[in-house]
Structures are given as C-alpha cells and as structure tokens.
Amino acid sequence: MFKWIRDVFTIKSIKRRIQLAFASIILLLFFSGAASLFELERVSHDTEEILLASKENVDLASEMISALNEQNDAMIQMAVIGGTLKDIAPKLAPCEESIKRLSEASERAQRRMKDTESASITDSLAVYTKRINELATTYINGDVHRAIASDTTSRMTTHSWYVNSYKPQYVTVSTQITKYMTGSESTLGPDVNRLSHTARRAVTPVFLALVVMTVVILMFYYFIHSYLIRPVLRINDELGDYLRYRTHFDRNIVCRDEIQTLRDRILALIQKQR
C-alpha cells in the first residue's frame with residue numbers, strides 16, 4: 001500500500017524533475033511578486049490617504065486662520081479706526097462673511113477629529129470660536145455702541161472694548177488653531193505606523209522567496225550534479241576507456257532514470273559486439 005502511494009508521487013524522469021524544479025521556481029517568483037505587488041498597492045493607497053488627510057487638515061487650519069484674520073482686520077477697522085455705526089457700515093459684510101467661514105471651518109474640524117485623541121482640542125476650538133463670533137456679532141448689531149451710550153459714567157470706548165474683550169479672544173482662538181494643526185498631525189501617527197508595517201509586509205514575501213529560491217537552486221544543483229552530470233561524465237570516461245583500451249565497462253555506475261537506461265543500453269551494445 002505504502003509502496004504504491006510512494007510510486008504514485010515519485011517522479012521517475014529527469015526531464016519531469018527538471019521541469020518541476022523550473023516550474024516551482026517560476027511559481028514561487030510569481031506568487032511572491034503578486035503578494036508584494038498587492039502589499040505595495042496597499043502602501044500606495046495608505047500613503048495617498050495619509051497625504052490627503054494631512055492636506056485637508058492644513059487646508060482647514062489655513063481656512064480658519066484666514067477667516068479669523070479677516071474678522072480681526074474688520075474689527076480693527078470698525079472698533080479702532082471707525083467708531084460710529086455709520087462709519088462701520090462698509091465693514092459689516094466682510095465681517096459677517098468671516099464669522100460664517102470661521103464657524104463652518106471650526107465645525108468641520110470638530111467633525112474630523114471627533115473620534116481621535118485630539119477631539120478635546122477641536123471641542124475647545126469650537127467653544128472659543130463661538131465666543132469670538134458672538135463678540136463680533138454683538139459689535140455688528142450695535143450692542144457695544146448702545147452700551148457705551150447708555151452708560152455715561154463708563155470710560156469704555158470701542159477701542160478699549162477691542163483691546164480688553166475682543167483681542168484676548170482673538171489670541172486664544174489663534175492658539176487653539178495652532179494646537180489643532182499640531183494635534184491633527186499627531187493623529188496621523190498610527191496611520192504612519194500602519195504604513196511602515198505594510199511596507200515591511202510588502203518586502204517580506206520577496207525576502208522569503210529569495211531564501212526559498214536559494215535553497216531550491218542549491219538542491220537543484222545537487223540533484224543535477226549527482227544524478228546527471230557525474231553519471232554522464234563517468235559513463236563517458238568508461239566508454240572512452242573501452243574504445244581505447246578495450247577494458248570492461250563498469251556496470252556499477254550509480255545512476256537513475258534515463259541515465260540508467262542509457263548506461264544499460266551502452267552495456268548491452270558492448271556485450272552484443274563481443
């Protein structure tokens with residue numbers, strides 16, 4: 001039973017063994033290359049995602065800084081340079097637009113960082129953004145001017161209101177936007193680590209294929225040398241000695257498969273000529 005099973009899985013041909021060896025090497029290279037290409041495709045995809053996320057975070061921070069600076073410029077023009085409601089009228093539209101942009105950008109940043117470790121940063125940013133927008137809206141609506149006009153004993157002016165109320169909030173929001181930029185970059189750390197692991201996985205199949213292929217080639221060389229080259233050289237030497245000196249052809253040459261058949265036929269031919 002075991003002999004029959006062994007015979008089924010035993011290749012009794014040098015030609016088939018050589019073909020199988022080359023086919024094994026080709027298949028090994030194919031599968032290792034396919035695995036590496038698959039992992040490299042994942043590396044490329046992950047890299048694009050990381051770069052896109054980083055670009056979106058930078059664009060969002062730039063949008064918030066731009067809107068905040070435009071709002072601050074408008075507030076300086078209205079509260080510091082132009083003091084009356086009539087003087088600030090041309091600046092109302094740009095200020096309202098900057099309030100809207102800052103609010104929308106802050107909400108987008110909060111949604112992006114909602115499930116990350118830096119969620120607290122965007123939550124604080126949203127709170128401070130709401131406060132500075134409320135201060136700007138209060139000024140645009142004329143509440144600051146009415147408060148100054150109704151309180152005759154107060155020395156508050158629009159300039160002092162800007163310095164004491166608005167500017168500290170402006171500095172705070174600027175600081176929070178900076179924290180958002182650094183925090184959003186730190187959230188990419190796990191993605192970068194995952195990218196490095198994926199890159200190592202892409203190289204591993206090639207490395208293993210090289211190791212296995214080296215072993216296969218060494219075995220293939222040993223097989224060719226032991227069962228093909230050495231017996232053929234021995235048969236050639238024995239046949240040469242027979243033709244020159246009429247010595248006996250060595251029937252004990254160790255060989256297998258087609259080489260053994262060749263040896264037996266040469267031996268039969270020599271015996272027939274005798």
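Note: hydrogens, waters and symmetry copies are ignored here, and every other heavy atom, side chains too, is used.
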To the nearest 0.5 Å, what is the distance between [atom1] ([X]) and [atom2] ([Y])?
| X | Y | atom1 | atom2 | result |
| --- | --- | --- | --- | --- |
| R101 | E96 | CZ | CD | 14.0 Å |
| Q176 | Q169 | CD | CD | 10.5 Å |
| E63 | E56 | CD | CD | 13.5 Å |
| E70 | E97 | CD | CD | 8.0 Å |
| D59 | S66 | CG | OG | 12.0 Å |

Residue pairs passing the salt bridge (Lys or Arg N to Asp or Glu O under 4.0 Å) test where at least one lies in residues 214-242, sequence neighbours excluded: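 The answer is R234-E238, R234-D250, D241-R244.
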Is it possible for you to say whether [X] and [Y] belong to one hydrophobic cluster, with membership spreading through side-chain heavy-atom contacts below 4.5 Å?
| X | Y | result |
| --- | --- | --- |
| V171 | Y162 | yes |
| Y221 | V232 | no |
| M219 | I217 | no |
| V163 | I76 | yes |
| L243 | L262 | yes |

With a 4.5 Å cut-off on side-chain heavy atoms, are [Y] and [X] touching?
| X | Y | value |
| --- | --- | --- |
| L267 | Y242 | no |
| S124 | K179 | no |
| L228 | F223 | no |
| L135 | W161 | yes |

Considering all heavy atoms, the nearest [X]-[Y] contact:
| X | Y | answer |
| --- | --- | --- |
| I140 | C95 | CD1-SG, 3.5 Å |
| I99 | A136 | CD1-CB, 3.6 Å |
| N133 | S103 | ND2-CB, 3.8 Å |
| S174 | L68 | OG-CD2, 3.3 Å |
| M64 | L102 | O-CD1, 3.7 Å |
| Q71 | I132 | OE1-O, 3.6 Å |

Is the side chain of [X] donor-acceptor paired with the backbone N or O of [Y] at a distance under 3.5 Å, no angle test?
| X | Y | value |
| --- | --- | --- |
| D143 | Y139 | no |
| T157 | S160 | yes |
| N141 | T137 | yes |

H159 NE2: over 12 foreign heavy atoms closer than 6.0 Å: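 No, NE2 of H159 has 12 or fewer neighbouring heavy atoms, counting only those of other groups under 6.0 Å.
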Stepwise side-chain hydrogen bond (donor to acceptor under 3.5 Å, both in side chains) test for R111 and T122: CA-CA 9 Å; R111 287 195 298 268; T122 51; over 6 Å; no
From CA spacing to verdict: side chain to side chain contact (heavy atoms under 4.5 Å, CB included), Y128, I177: CA-CA 10 Å; Y128 289 115; I177 293 175; over 6 Å; no
Y166 and N72 side chains, donor-acceptor separation under 3.5 Å: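 Short answer, no.
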Between T172 and R131: side-chain donor-acceptor atoms closer than 3.5 Å: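 There is no such pair (donor and acceptor under 3.5 Å, judged by atom type) between the side chains of T172 and R131.
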Steps toward side chain to side chain contact (heavy atoms under 4.5 Å, CB included) verdict (Q110, Y180): CA-CA 10 Å; Q110 190 175 23; Y180 165 75; over 6 Å; no
